[in-house]
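Okay, so here's the structure we're looking at.
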Amino acid sequence: MRFVTPCEEELSCLRGDPLLVEQELDVRPEVAEAVEKAAGFRAGRLWWRSEHDHLYALELGDLGRGRPSTATLYGFWDRFEPRPPEHEIDADLLAACEWIAGLSPSMNVSDIARVAEHARIPTGWGEGSVLRTPEERFANLPGFPYAARSVEVEGLRIAYVEHGAGAPILMLHGEPTWGYLYRHMIGPLARLGRALVPDLVGFGRSDKPAAANAYSIRSHVRWLGGFIRKLDLGDITLVCQDWGGSLGLRLLAEMPERFGRLVAMNTGISDGRARGEAFLRWRRFSQRARSLDVGRLMRRTLAAGRLSDEEAAAYNAPFPSSEYQTAALVFPRLVPIRSDHPGAYDNRVAIERLRALDLPVLLIWGAEDAITRSGEAHLRSIFRNVAPPVSIAGAGHFIQEDAGEEVAARVADWMKATPRSPRATARPDL
Amino acid sequence: MAFIDEGPREGRPVLLLSGNPTWGYLYRDFIGPLASAGYRAIAPDWVGTGYSDHPRVDAALTLAHHVADLVSLLDQLDLRDFVVVGQDWGGPQGVGAALQRVERLGAIVLMNTWLFTGLLSRFHLSPRPWTTWHAPLAGQFFMKRHKVLSHHGPSALSRRGLSEEEARAYHHVFDEPDSDHVVLTWPRTIPMREGDRGWGDMQAIERRLAELEAVPTLLLWAPEDVVFPIEHANRLKELMPWAEGPILFDNAAHFLPDDRGPEVARAVVEFLDRHRGDRS
């Protein structure tokens, strides 16, 4: 149990949901006493974060009996979003039950899992709850000869491609694309290191939970963090755009010891301040849409780049039908556009951590990008060690598609000239 | 408190008392045979089960409360020379109520139940699954969030195997969220040690059993039951040496009235016919 003390600012953004209501905790007095001893009080709230990074509290009440008599276990969720998948909650509640069993002289920790198994309580993705795009949709992709590899994180397959050797260059795509977006950059950058391009969960060749509540900033950060830990990446040069940056910057704040350099392009980390009209238009459009024609959307959004029909099809390849597009349809809604959005709070915490880092940063912005225009100045204000600005004329939001080769060359030049931050290259302690 | 009331009004009242996690439906094979034999078959649903109210308050579902509810039913229906037929919690709750109206009690039939402290089956003592299922907070998780006992108990413990419709009939009364409170309070009332909820009430019942010596008593038992195995019948026989039986039924387990309904009903009718008016 990872006990925490959440601050008022965070709590004011959450809603508490009673999951287990125990009217008579002292029906087994030894359990009530053990819980009191572990909590350090007989009335009050004990907080923890689960392995899914959800926030829970056990509220103890003393009804004048001199020991905890009532116990309510709350989950705390994003006030503007549905609660997370039930199997995650079940797994977290079982962990809490195991904690209590471990405290109590009359219970065995191992029995909790065995009884759960006996009762067939699912703690993983249920049958049919995760979609996987058929392999044949990815046959003969123009300009993308890389074999798909994958790792499993929380029961989900995260697909990635890999090219070159050396220190990892981790390229993160955003909405509504996939690793294919980086095809003009993988070759050139693979000469400088091990180019790694994962597909976010819900995108590309990665698994796609069908339910919208599977997706949150926290879950994406968790899944990507799992990817990095599974491959045990250190000394990473992070190259990111759009949501790849919004998530990548959270990862950087969470595990800075694994990162050596940052290249951020057309991205941002929202602290909850109001967003520009271009973004809000896109958000409104996306939340009304039942499906997205990604190829068409790319063609409409590109400033200089031109997509062949095959390339446009490659952007649609991950999505045989709109059923597969839940992640893409949800993403715009997850951008914190209010300061009381929990994602905004989490991002503010991350931003404070980022301010303390001195890793070298390169910001590359497409001169024609309307969606994330304000992000550049914001990131410049956060990081200390930022290279002179690079603006790519004629490039829009999908800068890797508009000017991939030029961007790759600028990144490569900068990487050659910029040693990784010595402070940040320490191997992570696993 | 809801109840089924079939058969001639003037017939001798036979109270069919179910236990956890069932309700009057457990006795569906008894109503017809009893009624056609001239008995008034009354199958109440304990408060918290069946079509009775389902209070969401632990304290309203203790052994003492269930007993008081049945005493109230006995009084309101003004039942005389009544017969208590009890399985599982139907035993202590039925006998507990009868002891409070012992002058009107006509006969007792007990099936796979107990009326005492100090002897518990391995099932009830075992941490897996039983005491873990209803442990603090874990009980809320398994019994209420996942309805393990209310929705899967009858079919899991049935020897004969329930049809889907029968399984649904048992659990549909617990389908509403939070309607299954009793399924959790009952296990927690099983007195395991001194100080447990139910300990004092159960001991009071056990102490007074000798007062029932003149009451014709029959034990019907499914020895394959792991919840109340044959040792419990033997213990009842020690405490109530005047009891007939135990008559043993194979191909039956905990829910004997469901597993072998028609045969058990026939045994009850035969027993009651033999003891017609013994105490009047």
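Lettering of chains follows the sequences in order, A, B, ..., and the numbering in each one begins at 1.
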Donor + acceptor pair across side chains of B:Asp69, B:Trp46 (<3.5 Å): no

Under 4.5 Å to a heavy atom of chain B? For A:Ala101 that would be neither

Top residue by heavy-atom pair count (under 4.5 Å) with chain A, among B:Leu137, B:Val148, B:Thr131, B:Val57? B:Leu137

Taking the ring centre of each residue, are B:His54 and B:Phe174 less than 6.0 Å apart? yes

Verify the neighbour count for atom CZ of A:Arg290: are there more than 12 heavy atoms of other residues, nucleotides or ligands below 6.0 Å? no

Among A:Ile112, A:Ile121, A:Asn108, A:Asp26, residue most engaged with chain B (heavy-atom pairs, under 4.5 Å): A:Ile121

For B:Arg188, which atoms come within 4.5 Å of any heavy atom of chain A: side chain, backbone, both, or neither? both

Taking every non-hydrogen pair under 4.5 Å, which of A:Leu94, A:Asp90, A:Leu20 racks up the most with chain B? A:Asp90

With a 4.5 angstrom heavy-atom cut-off, could you sort out which part of B:Asp196 is near chain A: side chain, backbone, both or neither? side chain

Any idea how A:Tyr56 and A:Trp48 line up, ring-wise: parallel (<30°), tilted (30 to 60°), or perpendicular (>60°)? parallel

For A:Glu117, is it the side chain, the backbone, both, or neither that has a heavy atom closer than 4.5 Å to a heavy atom of chain B? neither

All side-chain hydrogen bond (donor to acceptor under 3.5 Å, both in side chains) counterparts of A:Trp47, not counting sequence neighbours: none

Below 4.5 Å from any heavy atom of chain B, which atoms of A:Glu98 appear? Answer side chain, backbone, both or neither. neither

B:His151 side chain to B:Asp175 side chain, donor-acceptor N/O pair below 3.5 angstrom: yes

Measure B:His146 against the heavy atoms of chain A and call it side chain, backbone, both or neither at under 4.5 Å. side chain

According to the interplanar angle, ranging from 0 to 90°, do the rings of A:Trp223 and A:Tyr215 count as parallel (below 30°), tilted (30 to 60°) or perpendicular (above 60°)? perpendicular

Looking at A:Leu58, A:Val21, A:Thr72, A:Leu19, which has the largest count of heavy-atom pairs under 4.5 Å with chain B? A:Val21

Give a yes or no on whether A:Asp340 atom CG has more than 12 heavy-atom contacts from other residues, nucleotides or ligands under 6.0 Å away. yes

At a 4.5 Å cut-off on heavy atoms, which part of B:His134 comes close to chain A: side chain, backbone, both, or neither? side chain

